[in-house]
Amino acid sequence: MTVFRAFSHKEVLDDLKAQVTDGKVFTDKETLQKYSFSTKMTDEDSGLALAYVEAHSTRDIQGTLKIARKYHIPVVPQAQTTSTVVGSEGIEGSLLLSTVKMNRILEISKADSLAVVEPGVINGDLDKAAREQGMFYAPDPGSRPMSGIGGNVATNAGGMSTVKYGATKDNVLGVNVVLADGREIKLGGRTLKQAFGYDLTQLMVGSEGTLGIITKVIVKLLPIPLGTPVMGVAFFDNMTALAKAVTAIRISGVYPTMLEALDANTVAALDRYEDTHYAEDNAAMLIFKLDNGGEASMNVVKKLLAEYSASNVTVTTDPDEQAKLEQLRRDMLPAVFAGQNHIMEDMAVPLSQLAPLMDYIQDLAKRLDVKIYTAGHAGDGNVHPTLVWPKEATEVPENVIIALQEMFKQTLVLGGTISGEHAVGMLKNQWNNAELGEDVDQLQHQIKALFDPMNLLNPKRKIN
């Protein structure tokens, strides 16, 4: 059928360029392809954007949304594009709205224990700047060296230190947000306690760009703990035994900063990737860290590890050795992904259900003949099973699809969630009703309609 356009692409783009006065508008094919597509997308997900807007100011964001409303064009917020779900890739004919250049640390207040930043500030850069003043920023996703604070807030990113310091939501005091209608609103503030009005700040955390565009964030900073941090590794016969030990450590009162689990498959992959030799015992690895507490706390940890039959326990206070262990954990993904098709998942369960979930994943891999590498933030019940299949395969094998479905269903049976810290995007939005229930699923859509009645902001992401 012939479509008669009311406006040409040139008219729309000329109008857009007139509104983006501080930033830049890119319309060349190379830029649009670079930012529209990713390896995470399927053919039905993909779409070439109409323009890529590099916003330099709130005014640029408001101008872009004005054009989106005028011409009914979807807007996809972007920053560092490090998300593991299909949440910031292009939609056919959309406007990609990037805040990557809005990357200033506006304030670090040691007295108020907070920082004020623009959304494009890199997580690791904020932490480094805070440490120069004796403070630190706690949330540490695996993408810390490259992911932005705005994206961390939009996805409620977690990380290795969540076990002690919480996820991003636990460290956000306030946000500035441009709504779909162009208004910039200020939510939350600089106080550590806030009880006035509905908590719209936390509504924006994890909203994945579907309710508004984040322009500024106020985050908590913490003082660097006194004492010498201690890190160590321990090995267990399997992930179930490791999970039981983690639960005991978690409730012992020592308040660990890190309790990271790697199954034997993952340890072997890391050995190949790093040229290390941790896999010689074919055992699951626990990487643990205490940032304070001293000898008494470490003695408690060692005692519990012995009670749960851990072997080859080693500890170190050397900063270089600790950095190597942290990097080993961060290299888990490239080590597992190398040379094979893969999909990494992100479930979280109550701590008491971590061992049963580990048992289930091991049994599922055998029953369906699927190769699964399991790792995760064991201290907070967050598990990342990675399912792999041969690189030459052009379709996802049926047993992999079934394994994913069964893992998700079992996670929900155990009282967990199928998205612990990686957001929902388009990869999991079909599961909203199953996880949230029919009434809450409907309420989610009503909230979306209130904030974005024209359904322009990141449509089809977060909720289906």
Side-chain angles (χ1 to χ4, degrees), residues 39 82 84 122-124 127-128 140-147 157-163 229-239 241-243 245-246 256-291 301 305 310-346 358 361-362 365 370-379 382-391 421-422:
T39 57
T82 58
T84 61
I122 300 297
N123 180 305
D127 183 58
K128 181 180 178 181
D140 59 346
S143 58
R144 166 168 258 186
M146 64 191 84
S147 63
M160 292 186 285
S161 69
T162 301
V163 61
V230 180
M231 283 190 70
V233 297
F235 293 85
F236 297 83
D237 288 343
N238 52 59
M239 288 288 273
L242 182 152
V246 162
T257 314
M258 182 190 301
L259 288 170
E260 295 293 302
L262 307 167
D263 73 358
N265 287 338
T266 306
V267 176
L270 279 165
D271 275 355
R272 293 190 296 270
Y273 189 79
E274 300 274 3
D275 195 27
T276 50
H277 304 282
Y278 290 110
E280 292 176 350
D281 294 330
N282 192 35
M285 172 191 275
L286 173 66
I287 303 175
F288 56 91
K289 180 179 181 180
L290 281 70
D291 58 9
V301 173
L305 290 174
S311 61
N312 297 329
V313 178
T314 60
V315 298
T316 179
T317 57
D318 181 77
D320 292 336
E321 291 301 315
Q322 292 185 13
K324 289 178 182 178
L325 285 176
E326 288 196 18
Q327 190 59 46
L328 183 75
R329 172 59 180 84
R330 294 187 191 280
D331 285 343
M332 180 266 292
L333 296 185
V336 169
F337 293 172
Q340 49 196 349
N341 285 312
H342 57 269
I343 181 167
M344 178 182 64
E345 274 314 327
D346 171 40
M358 295 299 191
I361 292 171
Q362 290 176 346
V370 178
K371 185 78 168 181
I372 302 179
Y373 296 77
T374 304
H377 313 302
N382 190 191
V383 180
H384 297 309
T386 299
L387 293 77
V388 301
W389 61 97
K391 192 70 174 177
E421 63 178 6
H422 290 173

*asked:* For Arg329, give me all partners under salt bridge (Lys or Arg N to Asp or Glu O under 4.0 Å), at least two apart in sequence or on another chain.
replied: Glu260
*Are any non-hydrogen side-chain atoms of Asn265 and Thr374 less than 4.5 angstrom apart?*
no
*Check side chain to side chain contact (heavy atoms under 4.5 Å, CB included) between Ala365 and all other residues, then give those that pass, not counting sequence neighbours.*
Ile372
*Tell me, which pairs form a salt bridge (charged side-chain N to carboxylate O under 4.0 Å, His left out) where one or both residues lie in residues 266-277, sequence neighbours left out?*
none
*Using a 4.5 Å cut-off on heavy atoms from C-beta on, say whether the side chain of Leu270 contacts that of Tyr278.*
no
*Which value, rounded to the nearest 0.5 Å, describes the distance between Met231 atom CE and Leu290 atom CG?*
10.5 Å
_Distance (rounded to the nearest 0.5 Å) between Lys289 NZ and Leu325 CG_ = 10.0 Å
*Answer whether the closest heavy-atom distance between the side chains of Leu286 and Leu305 falls below 4.5 Å.*
yes
*Is any side-chain heavy atom of Phe288 closer than 4.5 Å to a side-chain heavy atom of Val246?*
no
_Just to verify, which of Phe337, Trp389, Tyr373 counts as forming a ring pair (Phe, Tyr, Trp, His ring centres under 6.0 Å) with His342?_
Phe337
_Residues that Glu321 engages under salt bridge (Lys or Arg N to Asp or Glu O under 4.0 Å), provided they are two or more places apart_ = Lys324
*Over all heavy atoms of both residues, which pair between Ala243 and Met358 is shortest? Give the atoms and the distance, please.*
CB-CG, 4.2 Å
*What are the two closest non-hydrogen atoms of Met332 and Ala375, and how far apart are they?*
CE-CB, 3.8 Å
*asked:* For a quick test of reading the model, state the closest non-hydrogen atom pair linking Asp263 to Met239 and the distance between them.
replied: CB-CG, 3.4 Å
*Can you tell me how far the CG atom of Asn382 sits from the CD atom of Glu421, to the nearest 0.5 Å?*
4.5 Å
*salt bridge (Lys or Arg N to Asp or Glu O under 4.0 Å) with Asp291: which residues, sequence neighbours excluded?*
Lys164
*Rounded to the nearest 0.5 Å, what separation is found between the CZ atom of Arg144 and the CG atom of Asp127?*
4.0 Å
*asked:* Checking side chain to side chain contact (heavy atoms under 4.5 Å, CB included) between Val315 and each of Val230, Val301, Val233, which is the one that passes?
replied: Val230
*Can you tell me how far OG1 of Thr257 sits from CE of Met160, rounded to the nearest 0.5 angstrom?*
11.0 Å
*Grab the two heavy atoms, one from Ile122 and one from Pro145, that are nearest each other, plus how far apart they are.*
CG2-O, 3.4 Å
_Asn312 side chain to Ala234 backbone, donor-acceptor under 3.5 Å_ = no
_Within the structure provided, determine whether His377 and Val163 are in side-chain contact (heavy-atom separation under 4.5 Å)._
no
_Give me the atom names and distance for the closest heavy-atom approach of Ala268 to Ala279._
CA-CB, 3.7 Å
*So do Glu345 and His422 actually touch side chain to side chain, heavy atoms under 4.5 Å?*
no
_Heavy-atom closest contact (Met285 atom, Val267 atom, distance)_ = CB-CG2, 3.7 Å
*Inter-residue atom distance Leu333.CG - Thr266.OG1, 0.5 Å rounding*: 9.5 Å
_Pro141 side chain near Asn123 side chain, heavy-atom distance below 4.5 Å_ = yes
_Sequence-distant partners of Lys371, salt bridge (Lys or Arg N to Asp or Glu O under 4.0 Å), two or more places apart_ = none
